[in-house]
Number of protein chains: 2
Amino acid sequence: MYIQLLYMKELQDILHSTSNLSASKAAVISVFYVNNVIKESILNDLKPFDLSIEQFNVLRILRGQKGKPLNLQDIQERMINKMSNTTRLVDKLIKKNFVKRNICEQNRRKVEIVITESGLDILKELDDKIINTEKNITSQLTSEELKQLNTLLLKINN
Amino acid sequence: MYIQLLYMKELQDILHSTSNLSASKAAVISVFYVNNVIKESILNDLKPFDLSIEQFNVLRILRGQKGKPLNLQDIQERMINKMSNTTRLVDKLIKKNFVKRNICEQNRRKVEIVITESGLDILKELDDKIINTEKNITSQLTSEELKQLNTLLLKINN
DNA sequence: ACATTACATTTGTATATACAATTGTTGTAT
DNA sequence: ATACAACAATTGTATATACAAATGTAATGT
């Protein structure tokens, strides 16, 4: 765990203070930390498969398409990070044979990306691990608290 | 805003489902998204000053020392990302004259880093902007909800 | 038909990050 | 005193990311 005791103390102080300013600062910092904790554990699951988190996300996005292809723009839009280089990310997935790439005949500017059998297989293998990790991460929360957290995070996104 | 409507719909579906598995998945994904939204806005504040978020954090850590120096290990421990290269990050801050670097006389293996006047000035300039951004990010939440959110995030970190 | 603009992806380049190996310094055991 | 291990920071290298410019394709106006 990379959270430092020193930092935790500061955060708790902020939390117990009455200031609203500090509360938003604490939330921002906490999100950074939690994000990091999550990233570390998921990356750990992905490491044996030589996948980055974004590559994993793109695979899941493509699986969600159930065979329908997506072009690079569509993929980019659905990615968590508005990353600038979907081309190179997809190139890496192609090299690993997890996705296929065709030029769209209707509009030759576009390329169509589809997940392969091998890509689906690797996702299947990963599913259980990831679900387990997600459960572990949130294991400190009751299901009621988890629901609360989701509601609050969703509000921030709107 | 980089959150896609499509994604938001999925998230809400998960949220309204009863499955606990889905709830932890939703939380994990939401944290990623919120983290990204926050990162974007703070990075936007920092851009005019040519600072990355970690560089900004290191400056704040050093300010918190109130003159007492920190060596690279101490800095690394307090950083949000357990980044591997504090040397190079600090080098950049030195180039910008925001921090100073001395070799520790008691233990010549260590280097002592202190924030400069110029570093303090830039932080002062940034303080208001960042506070404002933090308020904006959490503006959808009441102060009660904000407190809840902080409590929940803190639980995950423990 | 031709030029112009918009579109979709790719390529180039600079910077950031992750991880391993190296350098120089200190502490410790014999 | 010497050798060896532990420590703190730096350097090297490969990969990832951010942003800008370039390439190739399609749509539009005259």
Side-chain angles (χ1 to χ4, degrees), chain A residues 2 32 35-36 39-59 69-96 99-114, chain B residues 2 32 35-37 39-59 62 69-96 99-114:
Chain A
Y2 301 106
F32 279 158
N35 182 74
N36 231 259
K39 227 178 80 183
E40 298 278 344
S41 14
I42 292 193
L43 223 47
N44 203 43
D45 290 339
L46 297 181
K47 196 164 286 176
F49 300 90
D50 188 32
L51 286 174
S52 72
I53 290 184
E54 275 302 347
Q55 287 174 24
F56 175 58
N57 276 328
V58 168
L59 283 182
L70 276 179
N71 60 43
L72 292 181
Q73 274 195 331
D74 294 337
I75 292 174
Q76 185 158 20
E77 274 177 6
R78 286 171 171 78
M79 278 162 57
I80 290 174
N81 300 310
K82 59 146 189 114
M83 246 243 320
S84 40
N85 228 317
T86 316
T87 300
R88 280 193 272 247
L89 190 152
V90 167
D91 278 351
K92 275 159 212 156
L93 291 175
I94 291 172
K95 257 187 207 151
K96 295 167 196 161
V99 305
K100 261 188 320 200
R101 196 197 110 107
N102 300 309
I103 288 167
C104 172
E105 279 312 314
Q106 281 74 44
N107 185 342
R108 293 169 45 73
R109 286 173 297 188
K110 296 188 180 183
V111 295
E112 292 176 336
I113 311 295
V114 194
Chain B
Y2 299 106
F32 279 158
N35 182 74
N36 230 259
V37 170
K39 226 178 81 181
E40 298 278 344
S41 13
I42 292 193
L43 223 47
N44 203 45
D45 289 340
L46 297 180
K47 197 164 286 175
F49 299 90
D50 188 31
L51 285 175
S52 72
I53 288 183
E54 275 302 347
Q55 286 175 24
F56 176 57
N57 276 328
V58 168
L59 283 182
L62 290 170
L70 276 179
N71 61 41
L72 291 182
Q73 275 196 331
D74 294 337
I75 291 175
Q76 186 159 18
E77 274 178 5
R78 287 172 171 77
M79 278 163 55
I80 290 175
N81 300 310
K82 61 149 188 109
M83 245 243 321
S84 41
N85 228 316
T86 316
T87 301
R88 281 193 271 248
L89 190 152
V90 167
D91 278 350
K92 275 159 212 156
L93 291 175
I94 292 172
K95 257 188 206 152
K96 295 169 196 159
V99 306
K100 260 188 320 200
R101 196 198 111 107
N102 300 310
I103 289 167
C104 173
E105 280 311 316
Q106 282 74 44
N107 186 342
R108 292 168 48 70
R109 286 173 295 187
K110 296 188 180 182
V111 296
E112 292 177 334
I113 310 295
V114 192

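So you know, we letter chains A, B, ... as the sequences are listed, proteins then strands, and number each from 1.
- Here the C1' atom of nucleotide C/dA18 and the CG atom of B/Leu89 are 14 Å apart, to the nearest Å.
- Here the side chains of A/Asn57 and A/Met79 are not in contact, with every heavy-atom distance at 4.5 Å or above.
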Contacts under 3.5 Å, N or O only, protein and nucleotides 5-7 of chain C:
from, atom 1, to, atom 2, distance (Å)
C/dC7, O2, A/Arg109, NH1, 3.3

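- Between the C1' atom of C/dT26 and the CD atom of B/Glu105 lies a distance of 14 Å, rounded to the nearest Å.
- When rounded to the nearest whole Å, the span between NZ of B/Lys95 and P of C/dT15 equals 9 Å.
- Listed here is the closest heavy atom pair of A/Thr87 and A/Leu72: OG1-CD1, 3.7 Å.
- Taking atom CD1 of B/Ile113 as the reference point, atom P of D/dA8 lies 15 Å away to the nearest angstrom.
- Closest approach to the B/Gln55 side chain among C/dA16, D/dA16, C/dT11 is made by C/dA16 (side chain taken as heavy atoms from C-beta onward).
- Protein atom CG of B/Asp50 is 16 Å distant from nucleotide atom P of C/dA14, rounded to whole Å.
- In terms of position on DNA chain D, the residue among A/Arg88 and B/Asn71 whose nearest nucleotide sits closer to the 5' end is B/Asn71.
- For the pair B/Ile103 CD1 and D/dC7 C1', the computed distance is 16 Å after rounding to whole Å.
- Set against D/dT11, C/dT26, D/dT10, the side chain of B/Arg108 has C/dT26 as its closest nucleotide.
- The CD1 atom of B/Ile113 lies 5.0 Å from the CD1 atom of B/Ile94; values are rounded to the nearest 0.5 Å.
- Minimum atom distance to the side chain of B/Leu72 is reached by D/dT10, of the listed C/dA16, D/dT10, C/dT9.
- Whole-Å rounding puts the B/Glu54 CD to C/dT17 P distance at 7 Å.
- Contact of the A/Leu59 side chain with the A/Leu51 side chain is registered, since non-hydrogen atoms from C-beta on lie closer than 4.5 Å.
- Listed nucleotides D/dA9, D/dT10, D/dT13 differ in distance to B/Arg101; the shortest reach to its side chain belongs to D/dT10.
- When every heavy atom of A/Pro48 is checked against every heavy atom of A/Asp45, the shortest pair comes out as CD-O, 3.2 Å.
- Rounding to the nearest 0.5 Å gives a distance of 10.0 Å between CD1 of B/Ile103 and CD of B/Glu112.
- If you check C/dT9, C/dT25, D/dC19 against the side chain of A/Val111, the one that comes closest is C/dT9.
- Between A/Lys47 and B/Lys92, the residue anchored nearer the 5' end of DNA chain C, judged by the nucleotide with its closest heavy atom, is B/Lys92.
- Distance CG/B/Leu93 to CD/B/Glu54: 10.5 Å, rounded to 0.5 Å.
- Between the CG atom of A/Asp91 and the C1' atom of C/dG12 there is a distance of 15 Å, given to the nearest Å.
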